[in-house]
Amino acid sequence: MSDFSEKPTPIKPRIIIHGGAGNITRDNLPADLWSTYRSSLLSILHDSTSKLSENGATALDIATYAVTQLENNPLFNASRGAVFTRAGTIELEASVMVSRGYRKRGVGVMGVTKVKHPILLAREMLMRGELEDGGGAQGHCQLTGDVCEELAEGWELEMVDPSYFWTRKRWEEHRRGLGKSWERGEYEDEKRRANGSGSLERSEEGLFDGLTNDPSWNGKDYLPQGTVGCVVLDSTGTLCVATSTGGITNKLPGRVGDTPTLGAGFWAEEWQVTSAAAAPAPSSPLIDVASFLTSCLPSLNAYLSVPQDTLSMPQPKRRAAAVSGTGNGDSFLRLAAARTASAIARFNHHTSFQTAVTAVAGPNGMLQQSAEDRWHQTGEGEGGMIGIELDAGAGKVVADFNCGGMFRAWVDDKGRENVRVFRDDF
Ligand code: ASP
């Protein structure tokens, strides 16, 4: 007999963050630069973990808090320190998704140019989705451009001049990528040739005068993109993923990447598995057809359910997964990479989420395969993922990547803080 006074066992919260993946090698990541990344990632992880241990901390609050801290840090390609478009502008993107608890479940914002923390705009859009008109965002899950800034202002989020986001490091990457000099004189000459005036706009001054001591860039080495993300499991068993980026260096203005696109650069979902379905099958089918069909067409449940003696009925257990991707966003878009990883675990009960993430983002996985013979030529297919799986009441942190490295930090099963960029220690 069930004891109804029994409280459900609280779930042990889990957290993992990333700071981007790409062509990171021991040659282009000097030890002193790694130590700057290392201490930034550890301090953000530490701070967020202690907030997560507070009573009532939600996955949404902590994941978005961690991302605001990463956005504040110019080492990373999000908010201040974001990369430039070909046109020398900055267009930010961010997203949030929860495994349950909000009607919209997931939202993305893009083409953001004046909101200091794009991740907080995504968070507001998700939360205000509970209101009749979405707080002005209606029922929409993705928004771009001016309407984002208008909503952010109306919701009293912090707004900044676009020059706030600009750093010398990213400016140099942008100019070098276009085969142009990053020196002030040459830039002024170029402007004079283009429009007759070589004088800098107020917002451009900082590119040359500020941040000259930026420790993260020596003006020579190729550096990875530095998108940021965080996945959190809270004590109620809710998962949240939050991701923020400037996109890729010298993207076309108007380009939309995977970071604000549901299913491509981020995903979170939960589902029920009956113990019968989870029991080892004689021929281990890849897909449990009944659960696949009912997830697409919930009304089929009525037809598929067979009346049984309640006592002998297999008890469903909850399984959930959330994932944040980073790397070549166009490849993630083509594969709907984040949802694909989750779907592999969802529709094959015997596959762990780590195995699913490795199948998509690990060495020789789907992302790498999708680059065909262009692999390692253009950056196509390169990237990584972090995530958390909830299974049988326990959270498990997962990660994998197919490229040189991925900046990441997490708290392991024993409560220890870890930080890595390569597979092994630096
Ligand atoms: N995925 C991002 C984009 O393509 C970039 C990155 O993660 O480095 O916009």
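Whatever order the structure lists them in is the order used to number ligands and atoms, beginning at 1. In what follows, every heavy atom counts, from backbone to side chain, and hydrogens, waters and symmetry copies are set aside.
Ligand 1 lies out of reach of G265, whose nearest heavy atom is not under 4.0 Å from it.
The neighbour count for R86 CZ, taken as heavy atoms of other residues, nucleotides or ligands under 6.0 Å away, does not exceed 12.
Residues D400 and R423 are paired through a salt bridge, judged by an N-O separation under 4.0 Å between the basic side chain and the carboxylate.
When only interatomic distances are considered, the shortest N/O to N/O separation between A21 and ligand 1 does not fall below 3.5 Å.
Less than 4.0 angstrom separates some heavy atom of G247 from each of these atoms of ligand 1: 5 (C), 9 (O). Applying the 4.0 Å criterion to heavy atoms of T326 picks out, from ligand 1, the atoms 6 (C), 7 (O), 8 (O).
With sequence neighbours left out, Q354 forms a side chain to side chain donor-acceptor pair (under 3.5 Å) with T358.
Counting only residues at least two apart or on different chains, the salt bridge (Lys or Arg N to Asp or Glu O under 4.0 Å) pairs with a member in residues 102-126 are D61-R123, K116-E158, E124-R128.
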**Study point:** From CA spacing to verdict: salt bridge (Lys or Arg N to Asp or Glu O under 4.0 Å), K169, E173
**Key:** CA-CA 6 Å; K169 170 176 101 167; E173 285 177 345; 5.4 Å; no
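The single protein non-hydrogen atom nearest to atom 6 (C) of ligand 1 is T227 OG1, 2.8 Å, given as residue, atom name and distance. Scanning the protein for heavy atoms near atom 8 (O) of ligand 1, the closest one is Q225 CB, 2.9 Å.
Counting heavy atoms under 4.0 Å from ligand 1, residue D258 touches it through the side chain alone.
Using cut-offs of 30° and 60° on the angle between ring planes, the pair Y37 and F407 is parallel.
Distances from atom 9 (O) of ligand 1 to the heavy atoms of R255, H18, E93, M110 put R255 nearest.
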